[in-house]
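To keep things clear, I will list the structure first and then write my remarks on it.
Just so we're clear, the structure is a prediction, and the values are computed from it rather than from any experiment.
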Amino acid sequence: MSVPLYQAKAELFRTLGHPVRIRVLELLQDGPKPVRDLLAAIDVEASNLSQQLAVLRRAGMVSTWRDGPLVMYQLSTPDVADLLAAGRRILGAVLTDRDALLDELRTGPPGE
């Protein structure tokens, strides 16, 4: 039985719902990286990083291969980087709107 598209989308966004996973995806935008480089850039225990990488692998957002003793990770598709960029734009727009609202609350409406 196939999963409805809205449910598949919800699962995709749940996958993005962890800061370590987002950070890994951000780091991989610059190209493939071995686990040791990801671990050096992210302040988490190796076991936690391993768990988060497994979630990203199962979701199909990253792919892996061995390069000698190194396990290399890369974004599975450039669309993942596009999704992160869209998230950044949306967040910027939302925060800008909130800043404008905060400014209005602080200054009050004209003539008040």
To the nearest 0.5 Å, atom CZ of R89 lies from atom CG of L84 at 10.5 Å
With rounding to the nearest 0.5 angstrom, report the CD1 to CG distance, I90 to L95. 11.5 Å
Reported CG-to-CD1 distance for the pair D37 and I42, which is rounded to 0.5 angstrom: 10.5 Å
Hey, does T77 have a side-chain heavy atom less than 4.5 Å from the side chain of D82? no
Co-membership, hydrophobic cluster, residues V62 and F13, 4.5 Å side-chain: yes
In this structure, which one of V20, T15, V80 forms a side-chain contact (heavy atoms from CB on, under 4.5 Å) with L25? V80
Quick check: do M72 and T64 have side-chain heavy atoms less than 4.5 Å from each other? no
Working note: R66 + V71, criterion side chain to side chain contact (heavy atoms under 4.5 Å, CB included); need CA distance, chi angles, decisive distance, verdict. CA-CA 5 Å; R66 283 202 168 271; V71 177; 3.6 Å; yes
D43, CG: over 12 other non-hydrogen atoms inside 6.0 angstrom: no
Compile the donor-acceptor pairs under 3.5 Å between side chains in residues 49-60 and protein atoms, sequence neighbours left out, one pair per line.
residue : atom : partner : partner atom : Å
Q52     : OE1  : R21     : NE           : 2.7
Q52     : OE1  : R21     : NH2          : 3.1
Q52     : NE2  : N48     : OD1          : 3.1
R57     : NH1  : Y73     : OH           : 2.5

Does L16 reach the side chain of L83, with side-chain heavy atoms less than 4.5 Å apart? yes
On a heavy-atom basis, which atom in G92 and which in T96 lie closest, and how many Å separate them? O-OG1, 2.7 Å
Nearest-0.5 Å distance, CG of residue L70 to CZ of residue R36: 4.5 Å
Nearest heavy-atom contact between L27 and A41 is CD1-CB, 3.6 Å
Can you tell if the side chain of L38 reaches within under 4.5 Å of the side chain of R23, non-hydrogen atoms only? no
